Amino acid sequence: MERGNFVAKKILLLDGNSLAYRAFFALPLLTNENGIHTNAVYGFTMMLQKIIEEEKPTHMIVAFDAGKTTFRHKTFSEYKGGRQKTPPELSEQFPYLRKVIDAYGIKRYELDNYEADDIIGTLSLEAEQAGDEVVIISGDKDMTQLASSTTTVFITRKGITDIEKYTVEHIKEKYGLTPNQIIDMKGLMGDASDNIPGVPGVGEKTALKLLASHGSVEGVYEAIDLQKGKMKEKLVANEDLAYISKQLATIERHAPIEISIEELSYAGPNQDELVKVWTELAFKSLLEKMEYTAEETVKEELHFEVLTAIDPAILKDEMAVHLELYDEHYHSCDLLGVSLATETETYVIPMTVVEQSEEFNKWFKDPSKKKFMADSKAATAAFLRMGIELKGVDFDLMLGAYIVNPSLTYTDMASIVQEYGYRDVSTNEQIYGKGAKKKVPEETILNEHIARKARTIWKVRPLVMKKLEENEQFDLYDKLELPLATVLGQMESLGVKVDRDQLSEMGKELSHKLEKIESDIHGLAGQEFNINSPKQLGVILFEKLGLPALKKTKTGYSTAADVLEKLEGQHEIISHILMYRQLGKLLSTYIEGLLKEVHEDGKVHTRFQQALTTTGRLSSTNPNLQNIPVRLEEGRKIRKAFIPSEPDWVMVAADYSQIELRVLADMSEDERLVQAFKDDRDIHTTTASDVFHVPIEQVTGDMRRAAKAVNFGIVYGISDYGLSQNLSIPRKEAADFIERYFTSFPGVKSYMTTIVADAKRDGFVTTLMNRRRYLPDITSSNFNLRSFAERTAMNTPIQGSAADIIKKAMIDMDAALEREGMQTRMLLQVHDELIFEAPPEELEKLMKLVPEVMEHAVKLIVPLKVDIANGATWYDTK
DNA sequence: ACGATCACG
DNA sequence: ACGTACGTGATCGTT
């Protein structure tokens, strides 16, 4: 942490492909309990552990070869020819290898048309010119050509952890050559493994002898007359091959890489991620070793004071404040204590002291006293349980870190701050344990943990702020996410009233229906079995009843709804199973599940996850109130149980109409799409009319349905296969639809092309409010990974901008209700809609106010449109 | 702990 | 040739 800029860099450049091959062939073909081969990943990991420990790098990267062909193939088409295909046992390990590297927090890089060598050659040159110390690690001796006074090349011997270090001196000693002459050696002797020919008949001995007297390939041919006999013949006959071979063996040191040394800084592994991937791979010995070292980690000593009473003098204008919670269920869990920190002081305040201190409460709700926190929404909601108000939140560590990179998982504070190189705080798991063994530790341990958290916030805040500024994301963070946290905290605390009797009544009815359907199914099957078990159901349908198995999953037959629907005409049992599934889902998830979540106040208090999705959307848990049924009437009835919390009040629901397509219109500036929204036309019908070249009046239901699917596809990052699946049509036809769509909406097409190109150039995409998502796979040579990243590049700006807009609307709405002095309460957000409860006397005003505010949350080149409805229950807001 | 399934936008 | 629509969470059965 205290590492100053004056400390020299030590840069480790690893050749990923070469090392993976080495590890694969050096170790026996290990298989873990899940049947995955792991030897290459294991060997690579062991090597990584050792090298990090011994070399203590400040910067690291693992470079990979991209694709099958490189610029070298243009020179010599047989380059690397005759090489055996990568064994599948090794190929399957590459995804895990990438996961391991990511968990270590090490950068990965690959570049179309170039090999790992070239990336490393280019980076090492950059480092050399800056005077930095470099270590290159590979299994390929070619790399030794890169050695210099500041660069050492480590080549793995036999095993993978056994290493030979090639310095300039070592190369001189061993071959009598300079690093540059290694290339000449390859030119003369070739390299069987890369299918570099060299001069036939010239081996290492001869090559070294020739170079000793002539210095280089060029030198040998300038003095060719000094050779005689067979040797001269061979050399003369193969002069071209010698030069080509030399060229092939030369590592490119000016590859067009879009990454610089500065971006490689290495801050150590993300322990949580490492545990995850090692568990997946079943690397037990490494896991045990980590637990051992985790406890050994030495933290900087911290002095703090545990307060039994609060002297107002310690409460400053700016303080880090942390509320420690026993678990993530902050609407119900124990509150374990509060800590405060400034530059010089750290305090721990037990909850009993907090509760009794009027001074603290006053300071806490004073908006001019700036609080730096880690999860201000949790604190807002948890303190509201005790009737304590929190105002003046000026920093939120979790939100800041999330804005900087939404792709990371924010499990606890230790994992967040590790991203910023800070390690002086334990993970919650280390302090409380996990599973059945979880418990509150003795007071001294607990207090230190809590104290360290406030200290951590204070320490890491400037680093997060700097990142936000650098990325021009401060406004997104400060004007959007931070104020939203408070709004969300209040919404969660308010909760939504649930009519338990209504749910129980529906549950009874459903149970009876399910019993009946169950016995019907068993009757039709001729035996009893568990309908909920896809395995047992598969056996009944596809073996006993002999129905055709149309799709398979990893584990057996697929019995998913889309598969069963295709079988509906073939056996009476199918429709019963579909009905059983539908009703069973309602009963277990939405009746029984929901009832379990109702608190003593007769309300459900969801938690909106604000730092979770990669696109910027919220998510909702315990219970999830963002997926309450609506599409089918039976399910929709569940919404009758969501009622206002005051007598005679009403529920109000307002949703954005086609917000994602409007965002697309805005970003693509496609003329026809923009005009369609300006004219307030039905967008799917308009699309159908354009794509099928028929007047609006002649658009049939099926045409509109197809157009709607295409519009969805466009938003998702279209592919012909995806569309064909959705519409159950041949892929060719789907491709044709897409083609016609792009002809009609050329602006959309060029937007899609541009956004993917931008993502390739920048490594990330952005939304309306400058939210970022990094897409490292966009340059991958793996078709699947790359395609996925490309679709994400198209989808994230759309989905994420829509998320930005409704978040802004929520903040504006909260302010509007406050400003108008209204009693109406905002309760829920469901991605494109907001749900309120309101007293009847405010209804008329509200029905105007909400659309007004939502439609003007941001200004796009197309209008935003909001539909609003009210009723006695959520069900009735349609 | 994980995959299959299905609920939502 | 490759094989998937984007983003989530809860429940169930199986390992």
Side-chain angles (χ1 to χ4, degrees), chain A residues 33-35 68 276 279-280 282 406 435 529-538 551-564 577-578 580-594 596-597 606-609 612-632 634-636 638-639 655-656 658-660 709-727 731 734 738 773 781-800 802-803 806 828-833:
Chain A
E33 53 209 19
N34 302 322
K68 293 193 181 79
K276 225 190 271 173
T279 307
E280 195 180 351
F529 68 100
N530 186 346
I531 306 165
N532 281 322
S533 160
K535 198 175 166 191
Q536 294 180 36
L537 182 62
K551 208 166 87 180
K552 274 192 280 186
T553 67
K554 274 185 220 166
T555 50
Y557 309 111
S558 169
T559 66
D562 62 328
V563 175
L564 297 186
I577 291 167
L578 287 167
Y580 182 87
R581 283 251 179 91
Q582 194 197 123
L583 301 184
K585 183 85 178 178
L586 290 179
L587 183 62
S588 65
T589 305
Y590 295 104
I591 306 275
E592 292 168 351
L594 203 55
K596 280 186 211 140
E597 297 286 350
T606 190
R607 278 175 298 121
F608 289 107
Q609 303 286 353
L612 186 145
T613 73
T614 45
T615 55
R617 274 189 176 182
L618 302 175
S619 83
S620 160
T621 56
N622 298 109
N624 180 352
L625 295 181
Q626 290 182 322
N627 72 344
I628 302 300
V630 67
R631 290 172 193 169
L632 299 172
E634 292 98 320
R636 189 174 202 153
I638 299 284
R639 297 184 171 218
D655 69 290
Y656 281 113
Q658 304 295 351
I659 189 167
E660 292 188 335
V710 174
N711 278 330
F712 268 100
I714 292 293
V715 169
Y716 291 157
I718 198 137
S719 75
D720 48 11
Y721 186 84
L723 183 64
S724 76
Q725 288 295 299
N726 190 284
L727 285 174
R731 200 168 67 195
I738 295 168
R773 177 168 180 185
S781 59
N782 178 314
F783 177 86
N784 282 330
L785 289 177
R786 190 178 63 247
S787 302
F788 185 46
E790 286 171 356
R791 290 196 297 274
T792 311
M794 298 186 243
N795 171 263
T796 295
I798 300 174
Q799 195 184 113
I806 195 165
L828 295 174
Q829 185 249 51
V830 191
H831 309 308
D832 65 354
E833 63 177 324

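Remember, it's a predicted structure, so these values are computed and weren't measured experimentally. Within every chain, numbering begins at 1; the chains are lettered A, B, ... in the order of the sequence lines, protein sequences first and strands thereafter.
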Among the candidates C/dA5, B/dC6, C/dT8, find the nucleotide nearest to the side-chain atoms of A/Ile718. C/dA5

Measure from CG on A/Leu612 to P on C/dG9 and round the result to the nearest Å. 5 Å

Which of the following nucleotides, B/dA7, C/dG3, C/dG13, is nearest to the side chain of A/Phe783? C/dG3

So, is A/Asn530 near the phosphate of C/dG13, with a side-chain N or O under 4.0 Å from OP1 or OP2? yes

Of all the nucleotides listed (C/dT4, B/dC8, C/dG13), which has the minimum atom distance to the side chain of A/Arg631? B/dC8

Identify whether any heavy atom of A/Asn726 sits under 4.0 Å from a base atom; if not, whether one sits that close to sugar-phosphate; answer base, sugar-phosphate or nothing. base

Heavy-atom closest pair (A/Ile591 atom, A/Ile638 atom, distance to 0.1 Å) is CD1-CD1, 3.6 Å

Between atom CG in A/Leu594 and atom P in C/dG9, what is the gap in whole Å? 17 Å

Does a distance-only test, which skips hydrogens and angles, find a donor-acceptor pair under 3.5 Å between the side chain of A/Gln626 and the base of B/dC8? no

Which of the following nucleotides, C/dA5, C/dG9, B/dG9, is nearest to the side chain of A/Glu833? B/dG9

Taking the same atom, P, in B/dA4 and in C/dT4, what whole-Å distance lies between them? 12 Å

Determine: side-chain N/O of A/Ser533 to OP1/OP2 of C/dC12, distance under 4.0 Å, yes or no. no

Where the side chain of A/Ser619 is concerned, which of C/dG7, B/dG9, C/dG9 is the nearest nucleotide? C/dG9

Using the C1' atom as the reference point in each nucleotide, state the distance between B/dC8 and C/dG3 in Å, no decimals. 26 Å

Do you know which two heavy atoms are closest between A/Asp655 and A/Glu833, and how far apart they sit? CB-CB, 3.4 Å

Using a heavy-atom cut-off of under 4.0 Å over every strand shown, decide if A/Leu723 touches base, sugar-phosphate, or nothing. base

Residue A/Thr614, side-chain heavy atoms: nucleotide from C/dG7, C/dA10, C/dT4 that is nearest: C/dG7

Rounded to whole Å, the CD-C1' distance (A/Glu790 to C/dA5) equals 14 Å

Measure across A/Arg773 and A/Thr615 and return the closest heavy-atom pair with its distance rounded to 0.1 Å. NH1-CG2, 4.0 Å

Using a cut-off of strictly less than 4.0 Å, decide whether A/Ser558 has a side-chain nitrogen or oxygen near OP1 or OP2 of B/dT5. yes

Check whether any side-chain nitrogen or oxygen of A/Thr553 sits under 4.0 Å from OP1 or OP2 of B/dA4, and answer yes or no. yes

Backbone N/O of A/Asn622 and side chain of A/Thr606: donor-acceptor pair under 3.5 Å: no

Which residue lies more 5' along DNA chain C, comparing A/Arg791 with A/Asn624 via nearest heavy atoms: A/Arg791

Residue A/Lys585, side-chain atoms from C-beta onward, closest of C/dA10, C/dT8, C/dG13: C/dA10

So, A/Gln626 side chain and A/Gln829 main chain: donor-acceptor pair closer than 3.5 Å or not? yes

Considering every strand and a 4.0 Å limit on heavy-atom distances, what is the contact class for A/Thr796: base, sugar-phosphate, or nothing? nothing

Identify whether any heavy atom of A/Val830 sits under 4.0 Å from a base atom; if not, whether one sits that close to sugar-phosphate; answer base, sugar-phosphate or nothing. sugar-phosphate

Would you name the heavy atoms of A/Pro406 and A/Thr613 that are closest together and state the gap between them? CB-O, 3.9 Å

Give a yes or no on whether a donor-acceptor pair under 3.5 Å exists between the nucleobase atoms of B/dT5, that is its base, and the side chain of A/Arg581. no

When the distance from CD of A/Gln609 to P of C/dG9 is rounded to whole Å, what number comes out? 7 Å

Looking for any heavy atom pair under 4.0 Å, which part of the strands does A/Ala803 touch: base, sugar-phosphate only, or nothing? nothing

Once you apply a heavy-atom cut-off of 4.0 Å, does A/Ser719 come out as touching a base, just sugar-phosphate, or nothing? base

Compare all side-chain heavy atoms of A/Phe608 with those of A/Leu828 and state whether any distance is below 4.5 angstrom. yes

Rounding to an integer number of Å, can you tell me how far A/Lys554 NZ sits from C/dT15 P? 15 Å

Compare the minimum distances between each of C/dA5, C/dT4, B/dG9 and the side chain of A/Ala709, then state the nucleotide with the smallest one. C/dA5

For residues A/Ala802 and A/Ile659, report the shortest heavy-atom separation together with the two atoms involved. CB-CG2, 4.0 Å

With the side chain of A/Thr559 defined as its heavy atoms from C-beta on, choose the nearest nucleotide among C/dT8, B/dT5, C/dA5. B/dT5

Between C/dT8 (C1') and A/Ile628 (CD1): distance, integer Å: 13 Å

Could you work out which one of B/dA4, B/dC8, C/dT4 sits closest to the side chain of A/Pro534? B/dA4

Looking for any heavy atom pair under 4.0 Å, which part of the strands does A/Asp655 touch: base, sugar-phosphate only, or nothing? nothing

Here the distance between atom P of B/dT5 and atom OH of A/Tyr580, to the nearest Å, is 15 Å

Hey, which of A/Asn532, A/Ile531, A/Leu537, A/Leu586 is the one that makes side-chain contact (heavy atoms from CB on, under 4.5 Å) with A/Arg581? A/Leu537

Please evaluate the base of C/dT4 for a donor-acceptor partner in the side chain of A/Ser787 within a cut-off of under 3.5 Å? no

Which is true for A/Gly713 with a 4.0 Å heavy-atom rule: it touches a base, it touches only sugar-phosphate, or it touches nothing? base

Assigned partner base of C/dC2, Watson-Crick or wobble definition, under 3.5 Å: none

Describe the nucleic acid contact of A/Gln799 in one word from base, sugar-phosphate, nothing, applying a heavy-atom distance below 4.0 Å. base

What integer number of Å spans the P atoms of C/dA5 and B/dG3? 15 Å

Checking all strands, does A/Gln536 fall into the base, sugar-phosphate, or nothing category for heavy-atom contacts under 4.0 angstrom? sugar-phosphate

Under 4.0 Å, counting only non-hydrogen atoms across every strand here, what does A/Arg731 touch: a base, just sugar-phosphate, or nothing? base

Rounding to an integer number of Å, can you tell me how far A/Asn784 CG sits from C/dA5 C1'? 13 Å

